[in-house]
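Right, one structure below, let's go through it.
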Amino acid sequence: MKGSLIILTFFIAGCFVGHMDSVPTWLLNDALSTYVLYALLFLVGMSIGFDSHCWTILREMHLKVLLVPFAIFLGTAAGSIAAWCIIADMSMHDVLAVGAGFGYYSLSTVIITNLGDPLLGSVALLANIIREIITLLCTPFLVRFFGKLAPVASGGATAMDTTLPIIVKFTSERYGIIAVFSGMVLTVLVPFIVTFIMT
Amino acid sequence: MLITILCILIGIPLGFLFRHNKCIVDNVNRLTMWSIYALLFMLGVTTGSNETIITQLGTIGVQAACISACCVLGSASAVFLLDKFILKGQFDER
């Protein structure tokens, strides 16, 4: 929660700087943010490499654990299509790309913006931050109405880090392990799926 | 697209190799955080200097809230069905 507030603060500060009349031009240069993105992706790759118990979990829980991120993926796509029916003026393609962030706002926003749609990028940032906040606030209700896997689904890619403590608190350690695994799979998938939908 | 995938794929074996080096792990985590901050700040600059976005902020907020609420409900229902019909409580403590 604190982490996402800091990130939101940086974004809002950037908005104010950008809205001023005299913006330094090097800040508006796309190449700079592209290189920072590459560095970030490399670092994300390294942190996936650090965590070697991903494979142990998979062996322990059998391949059925893979069904969890798969179901989350399908459910999110179905939810995006439902949202597309409610929102009149967005293309289905765009709504799916925003949904495919699975709460991983930093990466999905930057990818969408870099692929040439800053307006959609802002929608992705807000939508994915809201998804994380919903998970942090509504986990008790989700567990009650949809079962113990629900907060793992709602958290999406964030289930392995920011929303993990709350998931473990309202379910159990075992679901925590499932959350880490599912979050990892979705985190790896986000850049691929978002880029795939956008191009 | 190829470069983005390559960046992640190069990182994984390197991370695996250095997973016991606490200094590297800590620095990678710190750098990750700061590159996210830097990116979001630059994103804010782009957003703030874009008049179209500023004038449509209300619409964007409503659209975003609608998409995230639907995605949460959709994915929660999907795992509910998965647990009820396929897993049948297999993940519960035995």
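Below, chains carry the letters A, B, ... as their sequence lines are ordered, and counting in each starts from 1.
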Could you tell me which of Ile72(A), Leu126(A), Leu119(A), Thr76(A) has the largest number of non-hydrogen atom pairs under 4.5 Å with chain B?
Leu119(A)
Under a 4.5 Å cut-off applied to non-hydrogen side-chain atoms, are Met90(A) and Ile67(B) in contact?
yes
Where on Leu17(B) is there a heavy atom nearer than 4.5 Å to chain A: the side chain, the backbone, both, or neither?
neither
Relative to chain A, which of Ser77(B), Ala76(B), Ala78(B) shows the most heavy atom pairs under 4.5 Å?
Ala76(B)
Please identify each residue that fulfils side chain to side chain contact (heavy atoms under 4.5 Å, CB included) with Leu43(A), with sequence neighbours left out.
Val28(B), Leu31(B), Thr32(B), Ser35(B)
At what distance, to the nearest 0.5 angstrom, does CZ of Arg131(A) lie from OG of Ser75(B)?
4.5 Å
Rounded to the nearest 0.5 Å, what separates atom CG in Leu14(B) from atom CZ in Phe50(A)?
9.0 Å
Contact class of Ala78(A) relative to chain B, heavy atoms under 4.5 angstrom:
neither
What heavy-atom pair brings Ala127(A) and Ala64(B) nearest, and what distance separates the two atoms?
N-CB, 3.4 Å
Pick one of side chain, backbone, both or neither for Ser106(A), based on which atoms fall under 4.5 Å of a heavy atom in chain B.
both
Taking atom CZ as the centre, does Phe18(B) end up with more than 12 heavy-atom neighbours from other residues, nucleotides or ligands that are less than 6.0 angstrom away?
no
Please identify, among Thr171(A), Ile86(A), Val123(A), Val95(A), the residue contributing the most non-hydrogen atom pairs under 4.5 Å to chain B.
Val123(A)
Against chain A, label Ile54(B) side chain, backbone, both or neither, depending on which of its atoms sit under 4.5 Å from a heavy atom there.
side chain
Here the gap from Leu81(B) atom CG to Leu74(A) atom CG, rounded to the nearest 0.5 Å, amounts to 11.0 Å
Would you say Ser80(A) and Cys71(B) make side-chain contact, with heavy atoms under 4.5 Å?
yes
Same cluster (ILVMFWY, side-chain, under 4.5 Å), Met92(A) and Val62(B):
no
Heaviest contributor of heavy-atom pairs below 4.5 Å to chain B, chosen from Ser154(A), Gly103(A), Gly156(A), is Ser154(A)
Val17(A) side chain reached by Phe41(B) side chain, heavy atoms, under 4.5 Å:
yes
Quick check for you: to the nearest 0.5 Å, what is the distance between Ile87(A) atom CD1 and Thr59(B) atom OG1?
11.0 Å
Once side chain to side chain contact (heavy atoms under 4.5 Å, CB included) is applied, do any residues pair with Ser91(A), and if so which ones, sequence neighbours excluded?
His93(A), Asp94(A)
Using a cut-off of under 4.5 Å on heavy-atom pairs, state which of Thr135(A), Thr113(A), Ile130(A) scores highest against chain B.
Ile130(A)
Gap separating the OH atom of Tyr37(B) from the OG1 atom of Thr9(A), nearest 0.5 angstrom
9.0 Å
Inter-residue atom distance Ile81(A).CD1 - Cys70(B).SG, 0.5 Å rounding:
11.0 Å
Under 4.5 Å from a heavy atom of chain B, the part of Leu149(A) involved
both
Would you call Phe146(A) and Val79(B) a side-chain contact if the rule is heavy atoms closer than 4.5 Å?
no
With the side chain counted from C-beta on, respond yes when Ile24(B) and Met46(A) share a heavy-atom pair under 4.5 Å apart, and no when they do not.
yes
Please walk me through it: do Met42(B) and Val110(A) pass side chain to side chain contact (heavy atoms under 4.5 Å, CB included)?
CA-CA 10 Å; Met42(B) 284 190 273; Val110(A) 173; over 6 Å; no
Shorter than 4.5 Å, heavy atoms on both sides: which option in Ser68(B), Pro13(B), Gly61(B) has the most such pairs with chain A?
Ser68(B)
